[in-house]
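Some notes on the structure that comes next.
The basis for the numbers below is simple: all heavy atoms, side chains too, and nothing from hydrogens, waters or symmetry mates.
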Amino acid sequence: QTSNTQVSNSEEFAEFIQGHTSGEISSHDGIAVSLTKPIEVDEIQNLILFSSTPKVNGQAELVNDHTVVFKPNKPLSANQEYLFTLALDKLTDVPEGKEAFTFSVNTIKQEMEEVLGDLEFVNENSMKLSGTIFTADKSWKKDVSRTINITQNQNENIEISWLHDNSGTTHNFEITNIKRADIPSKVVVNWDGTPIGAASKGSKTIEVAENSEFRLLATRVYTDDNPRIELIFSDKLSNSQNMEGLIQVEDMSVINMIADANKLILSPRSIRNGTKNLRINAALKNDSGKQLGVDITRQIQFNQPKPQ
């Protein structure tokens, strides 16, 4: 335990307490206790109802006539056991020995996962890249924004913008102004969970092709409810070309194809598990009419549960 204080036996307090916060909680949560009888106390904010180990500063509020909630002034520490003691005798009449009720909670260990998408075509000289930071517990926007650092050689205009969802655990970002010049370059994405109290650290380097080169950047296979193959190219694809025969997948004669900027989405009408050969014809063109120039063969696996 965090101190010598003993956790109360809930069954012994069942006459007075019908429920309380327990188990694993968010560092941003309040601590609630619900009584079996209505709380008839005036100016509850002037009472010192809760004490804790480790010590937490905050205020108690009555959220309904049965429930009092302790709201910490700042988030609790992550991955920490807390003991909270409620001065029950200040809220209701209790016999000797039942003046205080002590219970424990544990805060979530903060963890962070970074997921990067693929380069997306903007124009011949610019690309963008999207990604997401997932956190185990809620995180402040300003802290999450400090977990990512991006650089590209000879480019000081690269930018990152954020879109945080209401849960506080999903943080989408978009890297823009990625420069595509007449020589190859690299975008380096570094992440470090220190600002949010997570141990995760890592780095990924994304190659940016020169603007005169048209090539395949990545192959993704998805076997979820919408099985598909996604081919990511350095350039926007030509919408006027007939794709028939330019893309072939072994043992799959019928494939629906959709070109979306620099992404080609292949949706086989029937899936056959196992390793198959994907062939891309050298005659595939980008939006400027430039051909791929070389036949490409990739082995793809259809029985994986996640993108390869």
Using a 4.5 Å cut-off on heavy atoms from C-beta on, say whether the side chain of L119 contacts that of I178. yes
Please check if the side chain of D295 supplies one atom and the backbone of A282 the other of a donor-acceptor pair under 3.5 Å. yes
For the backbone of Q301 and the side chain of T275, can you confirm whether one donor and one acceptor N or O come within less than 3.5 Å of each other? no
Please confirm whether the backbone N or O of R215 pairs with a side-chain atom of S234, one donor and one acceptor, at under 3.5 Å? yes
Side chains of F16 and V94: closer than 4.5 Å at any heavy-atom pair? yes
For the residue pair I25 and I31, establish whether any side-chain heavy-atom pair is separated by less than 4.5 Å. yes
Please tabulate, for the side chains in residues 85-93, all donor-acceptor contacts under 3.5 angstrom to protein atoms that are two or more places apart in sequence or on a different chain.
from: T85; atom 1: OG1; to: T102; atom 2: OG1; distance (Å): 2.8
from: K90; atom 1: NZ; to: I48; atom 2: O; distance (Å): 2.9

Would a distance-only check, ignoring hydrogens and angles, find a side-chain to backbone donor-acceptor pair under 3.5 Å from H28 to K138? yes
ILVMFWY cluster, V69 and V56 together (side-chain gap under 4.5 Å): no
Under 3.5 Å donor-acceptor, T170 side chain and D165 backbone: no
Ion pair present between E124 and R180, side-chain N to carboxylate O less than 4.0 angstrom? no
If the threshold is 4.0 Å, N to carboxylate O, is there a salt bridge linking K263 and E230? yes
Hey, could you give me each pair passing salt bridge (charged side-chain N to carboxylate O under 4.0 Å, His left out) that has a residue in residues 110-123? Not counting sequence neighbours. D118-R220
Under 4.5 Å between side-chain heavy atoms, counting indirect links through other Ile/Leu/Val/Met/Phe/Trp/Tyr residues: same cluster for F214 and V208 or not? no
Is any side-chain heavy atom of H20 closer than 4.5 Å to a side-chain heavy atom of F101? yes
If you group Ile, Leu, Val, Met, Phe, Trp and Tyr by side-chain heavy-atom gaps below 4.5 Å, do L237 and I232 land in one group? no
Can a donor-acceptor pair be found, under 3.5 Å and without considering hydrogens, that links the side chain of Q291 to the backbone of L284? no
So, applying side chain to side chain donor-acceptor pair (under 3.5 Å) with S203, which one of N190, D192, N149 is it? N190
Ion pair D143/R146, N-O distance below 4.0 Å: yes
Please report the C-alpha distance between Q59 and N73 in whole Å, then the side-chain angles of each, then the deciding distance to 0.1 Å, and finally whether the side-chain hydrogen bond (donor to acceptor under 3.5 Å, both in side chains) criterion is met. CA-CA 7 Å; Q59 298 81 36; N73 291 339; 2.8 Å; yes
Are more than 12 heavy atoms, taken from residues, nucleotides or ligands other than K285, located less than 6.0 Å from that residue's NZ atom? no
Run the side chain to side chain contact (heavy atoms under 4.5 Å, CB included) check on I17 and V33 step by step: do they pass? CA-CA 7 Å; I17 294 175; V33 179; 4.1 Å; yes
Are L216 and R298 side-chain neighbours, meaning at least one heavy-atom pair lies under 4.5 Å? yes
Any salt bridge linking K276 with D251? Criterion: basic side-chain nitrogen under 4.0 Å from a carboxylate oxygen. yes
Co-membership, hydrophobic cluster, residues I196 and W162, 4.5 Å side-chain: yes
Between T147 (side chain only) and V144 (backbone N and O only), is there a donor and an acceptor less than 3.5 Å apart? yes
In one Ile/Leu/Val/Met/Phe/Trp/Tyr side-chain cluster, 4.5 Å: I108, V105: no
N277-T297 side chain donor-acceptor pair, cut-off 3.5 Å: no
